[in-house]
Structure formats: C-alpha cells, structure tokens
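Heads up: the structure comes next, in structure tokens.
Everything quoted here is computed from the prediction, not taken from an experiment.
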Amino acid sequence: MVEVLQIVGLALLASVKFLYGPTAVYLAGYGFVQTLLITTAGGFFGVFVFFYAGEMLMAGWRKLFPRKKPKKKFTKGNRAIIKVRASYGLYGLAFITPCIISIPVGCLLAARFYDGHKLVIPLMFASVVFWSIVLTSITFLVGPIFG
C-alpha cells in the first residue's frame, strides 16, 4: 500500500512540475522503464485535468465577464502574447509546456488560445512522451555520477 501511494505521489509531482518528475522517481529507487511509465502517466493526467479545468475556467470567466465592446488597446503584454502565438503556435506551446513551463500553466494557455482545437490534447500527450524519454535518459545517465 505504501508503494502504491508513493507511485501516486510521484505521478502527481510529474503532473504538476514535470521537470522534477524523473529525478524524483529515480531517487525513489525505480528503474528506467518504471520511471518512464510513472512520469508519462503523471504527465497525461496533468494535461487532461488542467486542460479541461482551464476550458471550464475560461467558459466561466466569459460568462461572468462578457466583453461589451472590442478591446482596442494594445499593451506590452498583449503584444508579447501575440508575438509568441504567431511565432510558435500550438506546436511550440505543446513542445515547451512540460519542460520549460509547467503543465498547469501550459494547459491553461492552450485552453485560452486553442479552445476547441482537435490537436491540443494529442500534441500535449506527444510532448509529455518526448520529454519523459529525454529527461529520464538524462537522469539515468547523470544520476549515478551524483549518487
């Protein structure tokens, strides 16, 4: 029972802060394949929960605060968001979400800007698998040096 709770805790860590997931699973004493499975499962869970929670949050926000007239003012923040969105798009957001920014923040941004886009969840899942393989490989290559 203790091991099940430990695995659930490690998966939840990976669902919130994916970058630290493989290291934590490695330090808990799990092997390469188990680390891949735990971090990938946690990442999938985080993407699923935070994306759909973000969609509900955005829908509630629009319902509470409907836009009365179009916003015409451009601020530095608006310009930066537009520039990043135009430069990298959904593929860039999906790629950087697990590693560079956290899964919750990336999924909230995806829910905000790509609501209803059919590729959001598959791209986020693919990114989680990619980063899980990369980070787990790095952890198992470098870990014995520091262990």
Could you tell me whether F125 and F48 have their ring centroids closer than 6.0 angstrom?
no

Side-chain polar contacts of residues 2-18 - donor-acceptor pairs under 3.5 angstrom, sequence neighbours left out - could you list them?
from, atom 1, to, atom 2, distance (Å)
Q6, OE1, Y30, OH, 3.2
S15, OG, L12, O, 2.7

Can you name the side chain to side chain contact (heavy atoms under 4.5 Å, CB included) partners of [X], sequence neighbours left out?
X    : answer
R112 : M58
L57  : L108
L27  : T23
A126 : none

Got a sec, which pairs hit side chain to side chain donor-acceptor pair (under 3.5 Å) with one end in residues 45-60, sequence neighbours left out?
none

Inter-residue atom distance I103.CD1 - W131.CH2, 0.5 Å rounding
12.5 Å

Working to the nearest 0.5 angstrom, can you tell me the gap between Y114 OH and L93 CG?
6.5 Å

Would a hydrophobic clustering, with Ile, Leu, Val, Met, Phe, Trp and Tyr connected at side-chain separations under 4.5 Å, put [X] with [Y]?
X   : Y    : result
V47 : I133 : yes
V49 : V105 : no
F50 : L119 : yes

If we only count heavy atoms from C-beta on, is the Q34 to V25 side-chain gap below 4.5 Å?
no

Quick one, F95 and Y88 - any side-chain contact, counting heavy atoms below 4.5 Å?
no

For residues 36-45, which side-chain N or O atoms pair as donor and acceptor with protein atoms under 3.5 Å away, sequence neighbours left out?
from, atom 1, to, atom 2, distance (Å)
T39, OG1, T35, O, 2.7
T39, OG1, L36, O, 3.3
T39, OG1, S132, OG, 2.7
T40, OG1, L36, O, 2.7
T40, OG1, S132, OG, 3.1

Can you check whether L135's main-chain N or O pairs, donor with acceptor, with T139's side chain at less than 3.5 Å?
yes

For C107 and G46 the tightest heavy-atom approach is SG-O, 4.5 Å

What is the minimum heavy-atom distance between A94 and M124, and which atoms define it?
CA-SD, 3.9 Å

With sequence neighbours excluded, residues passing ring-ring contact (aromatic ring centres under 6.0 Å, His included) with F140
Y26, F32

Y91: partners by ring-ring contact (aromatic ring centres under 6.0 Å, His included), with sequence neighbours left out:
none

If you link I, L, V, M, F, W and Y whenever their side-chain heavy atoms are under 4.5 Å apart, who else ends up in the same group as F65?
W61, L64

